[in-house]
Amino acid sequence: MTRPGRAGPADMEATVQRIRAAVQAHSRFFEGAIPLIASENLLSPYAKELLISDFHSRYAEGLPGERYYEGNQWVDEVENLCLQLARDLFRCPFADVRPISGTVANLAVLKALTEPGDRVGSNRLADGAHISSASFGAFGLRGVKPVHYAFDPVRMQLDVDATIKILRTERPRLCLFGLSLFLFPFPLKELAPVLQEIGAVGWYDGAHVLGLIGGGEFQDPLHEGMTVLSASTHKTLPGPQHGILLGNTEDPELIHKLQAGAFPGVTSNHHLNAMAALAVSLAEHRAFGEAYARQTVLNARTLGQALSERGFDVLCADEGFTRSHTLAVRVEREGGGEACAQALIRSGIVTNKNLLPGDKSPRHPQGIRLGTPEVTRLGMKEREMVRIAELFDRLLHRGAPPEDVAREARELKSGFTTLQYCFGAGEAAYRYYELVGRN
Ligand code: DSN
């Protein structure tokens, strides 16, 4: 007999089927949608299959060869390969692939390199910083105090002279350079000598631009004066949802601190299935990363130009809109960030509302953020970026009904549903039926 408050087998089956149906509906929606979230991407079939491998069921705390569990022989082999691939791709002597996300990687750095009460340089959230550097995020959890850099909202870039003055006055112990609205490289060559002068460690959060760095299309922070790089591995690097630490250091004490920050600092077991998928993604990026990164940036710049020509206020027109995969569009005239993002999703175009410099309310920002990692992964090029800009124009300027725009979006997308730039290129990108079993 089923106890009160507990479900029986029939309820369980109904619940499982409901979950499967929701996941299938989600996948069908994305199959027909134009995905423009700057932080999202698609995993290759060879990486994806490892997520449901037996690695998912195991523990392997510690480092390869120094585990706390038995049965890790093949896990060690894969993790050593993953570490080697990471060090090769980013041309650095140190890697740790145990952080399970970008934010966890950031926490590991804070644990390793700061004490509560320390000052840490960063951008403000309204200037595009990630929530890690907020008092309600990882900075607050570690109890460090942000020292905010000076930001030029017109160029969406640090004001170098004013920032140098702040650094010399405030003397933070650690300086974080990294953004969620990441349009341009940081002026690291100008700032690195000042960090050295004040004894601060340079830390780069490369989550958004990791695949561009690996593809040689963006600044290479570990060779521009940064000591440590933290990142998630699923944005412009089309890997699994996971994290990574990289370092341009051979100092054993520093390496030990970073490793101890990852484990036991902020993880127990790392996610071995995701680590294996990351190894595959790094191998693929070594082969395809240059071409992929080049097209991703070209697509973003082309989309920026096409939107601007259609009357959209794309930030940084004088700078060519972006040097990354991301665009920022001020949509005050079109009704604000939230209204636009909602109108777009009703038309099958996936974006997010985004704070822009000068915004007063995080709930009602005046911007939307667009990114090209996923559409590029699906093989879209400059011609398709112009077609996407036309859809924006018809919907947000010319009053076209959302259902008409959604139909055109689906038509456009129907030619781009297989993965590119990976082992197994040409395979279906949206394989929901394989993920949740047969109907
Ligand atoms: N919040 C993510 C983004 O969309 O930029 C990064 O973690």
Side-chain angles (χ1 to χ4, degrees), residues 30 33-43 99-110 122-142 146 151 156 176-186 203-213 218 221 229-246 266-267 271 274 278 281 296-297 300 315 322-329 331 337-338 340-342 344-345 349-357 359 362-363 365 367-377:
F30 271 88
I34 307 288
L36 295 173
I37 300 280
S39 51
E40 293 180 352
N41 214 324
L42 295 164
L43 204 51
I100 57 170
S101 75
T103 297
V104 167
N106 289 347
L107 278 168
V109 174
L110 287 166
S122 77
N123 277 86
R124 288 184 176 79
L125 291 197
D127 296 339
H130 185 246
I131 48 170
S132 290
S133 48
S135 56
F136 54 79
F139 271 36
L141 202 60
R142 186 59 173 151
F151 194 74
M156 290 296 281
L176 167 61
F177 301 97
L179 297 165
S180 278
L181 188 62
F182 208 150
L183 304 183
F184 298 102
F186 278 92
W203 166 25
Y204 197 87
D205 179 344
H208 266 271
V209 291
L210 191 67
L212 306 182
I213 296 169
F218 207 70
L229 187 157
S230 57
S232 54
T233 56
H234 49 264
K235 296 182 170 78
T236 52
L237 183 84
Q241 293 205 340
H242 198 67
I244 194 168
L245 292 175
L246 300 163
V266 295
T267 60
H271 297 168
L278 175 60
S281 305
T296 300
V297 176
L315 268 54
T322 186
R323 293 271 300 283
S324 75
H325 60 302
T326 300
L327 294 166
V329 189
V331 286
E338 185 160 23
C340 280
Q342 287 177 358
L344 286 161
I345 196 77
I349 300 172
V350 195
T351 65
N352 63 276
K353 63 183 174 190
N354 213 95
L355 277 181
L356 295 180
D359 266 332
R363 285 173 179 274
I368 53 172
R369 184 184 67 168
L370 310 179
T372 53
E374 191 168 339
V375 288
T376 306
R377 180 78 155 158

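Ligands are counted one by one from 1 in listed order, and the atoms in each one are counted from 1 as well. Quick note: numbers below take in every heavy atom, side chains included, and nothing from hydrogens, waters or symmetry partners.
- Of all heavy-atom pairs between P240 and A274, the closest is CG-O, 3.3 Å.
- At distances below 3.5 Å, at least one donor-acceptor pair connects side-chain atoms of R377 with backbone N or O atoms of L42.
- By the neighbour-count criterion of 12 heavy atoms within 6.0 Å, atom CZ of R142 is densely surrounded, having more than that number from other residues, nucleotides or ligands.
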Ligand 1: which protein N/O atoms lie under 3.5 Å from its N/O atoms?
| residue | atom | partner | partner atom | Å |
| --- | --- | --- | --- | --- |
| ligand 1 | 4 (O) | S39 | OG | 2.8 |
| ligand 1 | 4 (O) | R369 | NH2 | 2.7 |
| ligand 1 | 5 (O) | S180 | OG | 3.3 |
| ligand 1 | 5 (O) | H208 | NE2 | 2.7 |
| ligand 1 | 5 (O) | R369 | NH1 | 2.9 |
| ligand 1 | 7 (O) | H130 | NE2 | 2.9 |

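- Between the side chain of S230 and the main chain of D205, no donor-acceptor pair closer than 3.5 Å is present.
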Determine, stepwise, if the pair F218 / V297 fulfils side-chain contact (heavy atoms from CB on, under 4.5 Å).
CA-CA 9 Å; F218 207 70; V297 176; 6.0 Å; no

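- The main-chain N or O of H234 is never found under 3.5 Å from a side-chain atom of N41 such that the two would form a donor-acceptor pair.
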